[in-house]
Undergrad: 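Please read through the structure below; I'll follow up with questions.
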Amino acid sequence: MHRVQTAPHPAVGDPAAGPRAGPAERDGEHRRPAPAATAQAPAAAAQPAAAQPAAAPTAKPKVDAAGERKAKDVSLRYSSTARSTRVTLREPGSSYIKVHFASVRLVPGDRITVADPSGREVHTYHGDPTKGAARGDSPYTVHGGTGFAAMSVEGDTAVVTLHSAAVRRDAAGLARQGYGARVDSYFRGFTEAEHAAANPRPFSVCGADGRRDVACYQTSHPTEYARSNAVARQLLNGLGYCTAWRVGDTNRMLTNQHCMESAADLRASEFQFDYQCATCGGNDPRPGTKVSGLELVKSSSLQALDYALFSVNGFDTIQRYGTLYLDAREPTAAERIYIPGHGDIKPKRLSLYEERDGGAYCKIDNVAAGVNTGYRCDSSGGNSGSPVLAASSHKVIALHHLGGCPNWGTRISLIYKEISGLIDNGR
């Protein structure tokens with residue numbers, strides 16, 4: 001698993017001729033979390049449609065920094081007088097809390113829960129799932145070493161509770177035998193101000209920001225709204241965000257390889273479907289459905305096509321959100337496109353217009369530059385891995401991965417050649 005580091009978003013240099021054009025590394029929309037920020041160079045000027053691509057960018061993409069890991073040493077032991085014990089972890093203003101357990105050993109029939117204070121989100125474990133998951137256990141992630149992390153809860157507070165089926169009169173003896181649970185750390189999501197400070201913005205919002213909550217288009221653009229349901233937010237290693245989405249009719253998902261460099265990255269990731277506002281501009285996101293990674297099926301490096309194809313645990317819980325299909329053809333100049341995704345750690349938004357709601361629709365501006373196609377649909381940190389859909393078919397024609405105005409996606413026709421036998425692309 002790659003090391004999460006804190007670094008500013010590298011500036012986008014010239015638009016990508018793509019990795020085939022030379023050995024230079026490409027700039028990404030997003031970055032891995034990091035300890036220090038440096039100055040950002042100006043972005044290159046936008047190219048006109050069909051212009052010849054300039055040299056490949058030289059900066060390396062990093063996943064957008066979303067939070068930090070903090071050490072904590074607290075144990076939950078059985079009580080001889082009550083059927084539950086609890087501890088509350090709170091970081092005021094944080095966007096999420098994700099609890100890591102060094103150990104969990106419970107009497108059969110007992111459980112540990114991690115919940116937000118309202119009980120809207122509750123994750124349940126009947127022991128250490130890395131040693132054998134029990135029926136009813138929630139998904140989990142692993143982060144190297146021993147133990148596991150519960151799925152995150154939205155907001156700044158997590159309540160960790162040990163529930164026993166009966167009062168344990170022998171609680172002291174159980175403690176001596178190592179029963180109970182020990183929390184050794186937790187991940188916390190940055191506040192909006194912390195996120196902005198940790199992630200200097202690239203020039204990927206091309207003019208005015210035309211993105212709006214997906215709910216804003218439920219009536220006016222019902223097909224675009226419906227297709228966006230298959231798009232999820234990826235939380236990588238508890239610290240960084242990307243976007244991922246279901247592809248085809250089976251248990252397969254796609255994101256960028258720079259968001260998932262290894263099977264260890266997949267095991268450390270959670271994927272949140274239906275994290276979107278219920279009303280247009282309402283700031284009322286649903287907690288959605290969170291699943292963990294299962295198998296890294298195939299990937300192509302940053303220097304090639306920058307994709308990762310994978311499967312998830314709990315596939316049955318996300319099937320209701322639908323799926324996306326690939327339009328395995330070359331883009332055409334000026335064809336209308338749209339991009340759903342999770343930029344700036346926000347609930348899902350739809351990039352449908354280039355400048356403003358009701359203005360010019362997003363379109364293909366540069367049909368082919370190396371492995372990429374270019375457009376001025378707005379994007380930002382967290383959008384890496386977003387699908388670029390053709391409005392004519394409502395199928396995916398590119399995998400977004402670079403910012404810079406124009407912004408860039410790997411042409412899906414090239415990716416399809418490598419994964420066609422691994423997905424069921426449906427109708």
Side-chain angles (χ1 to χ4, degrees), residues 1 69 71-78 84-87 89 96-116 119-154 158-165 168 174-175 177-188 232-239 244 251 253 260 262-273 287-297 310-319:
M1 174 167 54
R69 187 173 186 172
K72 184 76 173 181
D73 189 2
V74 60
S75 295
L76 285 90
R77 300 299 185 197
Y78 281 102
S84 66
T85 57
R86 70 180 51 185
V87 62
L89 304 176
Y96 62 84
I97 302 290
K98 182 175 175 67
V99 179
H100 187 272
F101 294 93
S103 63
V104 175
R105 187 183 183 192
L106 303 178
V107 174
D110 296 347
R111 68 191 191 280
I112 286 278
T113 59
V114 179
D116 70 293
R120 189 171 74 152
E121 284 189 277
V122 182
H123 307 304
T124 302
Y125 307 94
H126 295 85
D128 183 342
T130 66
K131 298 177 180 178
R135 183 171 182 172
D137 275 357
S138 297
Y140 64 95
T141 57
V142 292
H143 302 265
T146 59
F148 70 98
M151 303 303 270
S152 63
V153 294
E154 302 303 309
V159 180
V160 185
T161 308
L162 190 163
H163 307 263
S164 59
R168 303 300 180 188
L174 290 172
Q177 296 176 63
Y179 282 87
R182 185 169 72 86
V183 173
D184 63 355
S185 61
Y186 61 92
F187 305 88
R188 58 166 290 264
R233 183 170 69 163
Q234 176 190 0
L235 177 58
L236 169 61
N237 205 27
L239 300 170
N251 186 0
M253 292 186 65
M260 190 182 297
S262 66
D265 278 347
L266 177 58
R267 291 191 296 270
S269 292
E270 58 180 75
F271 304 92
Q272 184 178 17
F273 284 82
T289 302
K290 297 176 181 178
V291 294
S292 58
L294 176 60
E295 178 189 6
L296 182 57
V297 178
F310 62 98
S311 60
V312 296
N313 295 295
F315 177 62
D316 60 312
T317 67
I318 62 170
Q319 286 181 282

Undergrad: Could you pull out the closest heavy-atom pair between V99 and A158, with the gap in Å?
TA: CG2-CB, 4.1 Å

Undergrad: Which pairs, with at least one residue in residues 177-186 and sequence neighbours excluded, count as a salt bridge (charged side-chain N to carboxylate O under 4.0 Å, His left out)?
TA: D73-R182

Undergrad: Return the minimal non-hydrogen interatomic distance between V104 and A181, and the atom names on each side.
TA: CG2-CB, 4.0 Å

Undergrad: List the residues meeting salt bridge (charged side-chain N to carboxylate O under 4.0 Å, His left out) with R233, not counting sequence neighbours, and say none if there are none.
TA: E154

Undergrad: Can you list the residues that meet the side-chain hydrogen bond (donor to acceptor under 3.5 Å, both in side chains) rule with S185, with sequence neighbours excluded?
TA: R69

Undergrad: What pairs with Y78 under ring pair (Phe, Tyr, Trp, His ring centres under 6.0 Å), at least two apart in sequence or on another chain?
TA: none

Undergrad: Please name all residues satisfying side-chain hydrogen bond (donor to acceptor under 3.5 Å, both in side chains) with R267, sequence neighbours left out, ordered by chain then number.
TA: none

Undergrad: Give, for atom OG of S152 and atom CD1 of I97, the distance between the pair rounded to the nearest 0.5 Å.
TA: 9.5 Å

Undergrad: Indicate the atoms forming the closest heavy-atom contact of P129 with F148, along with that distance.
TA: CD-CE2, 3.4 Å

Undergrad: Could I get the full list of side chain to side chain contact (heavy atoms under 4.5 Å, CB included) partners for T161, not counting sequence neighbours?
TA: S84, R86, T113, V159, H163

Undergrad: With no hydrogens and no angle check, is any side-chain donor or acceptor of N237 less than 3.5 Å from a backbone partner on A268?
TA: no

Undergrad: With R168, which residues qualify under salt bridge (charged side-chain N to carboxylate O under 4.0 Å, His left out), at least two apart?
TA: D110

Undergrad: Can you tell if the side chain of V291 reaches within under 4.5 Å of the side chain of N313, non-hydrogen atoms only?
TA: no

Undergrad: Can you tell me how far the CG atom of L239 sits from the CZ atom of R188, to the nearest 0.5 Å?
TA: 11.0 Å

Undergrad: Is it the case that the side chain of R77 and the backbone of Y179 share a donor-acceptor pair, with hydrogens and angles ignored and the cut-off at 3.5 Å?
TA: yes

Undergrad: Which value, rounded to the nearest 0.5 Å, describes the distance between L89 atom CG and F187 atom CZ?
TA: 13.0 Å

Undergrad: Regarding T289 and Q272, do their side chains bring together a donor and an acceptor under 3.5 Å, going by distance alone?
TA: no

Undergrad: Looking at residues at least two apart in the chain, or sitting in another chain, which of them share a ring pair (Phe, Tyr, Trp, His ring centres under 6.0 Å) with Y186?
TA: none

Undergrad: When rounded to the nearest 0.5 angstrom, what distance separates NE2 in H123 from CD1 in I112?
TA: 14.0 Å

Undergrad: N251: what forms a side-chain hydrogen bond (donor to acceptor under 3.5 Å, both in side chains) with it, not counting sequence neighbours?
TA: none

Undergrad: So how far is it from M253 CE to L294 CG, rounded to the nearest 0.5 Å?
TA: 12.0 Å

Undergrad: Which atom pair, heavy atoms only, marks the closest approach of F271 to M260?
TA: CZ-CE, 3.8 Å

Undergrad: What distance do S292 atom OG and M151 atom CE have between them, rounded to the nearest 0.5 Å?
TA: 5.5 Å

Undergrad: Under the rule for side chain to side chain contact (heavy atoms under 4.5 Å, CB included), what residues qualify as partners of A150, not counting sequence neighbours?
TA: F101, V114, Y125

Undergrad: Just do the side chain to side chain contact (heavy atoms under 4.5 Å, CB included) check on L162 and L106 with the steps written out, would you?
TA: CA-CA 9 Å; L162 190 163; L106 303 178; 4.2 Å; yes

Undergrad: Any pair with a residue in residues 121-149 that passes salt bridge (charged side-chain N to carboxylate O under 4.0 Å, His left out), sequence neighbours left out, goes on the list, sorted by first then second residue, please.
TA: E121-K290

Undergrad: Checking T141 now: which residues fulfil side-chain hydrogen bond (donor to acceptor under 3.5 Å, both in side chains) with it, not counting sequence neighbours?
TA: K98, H143

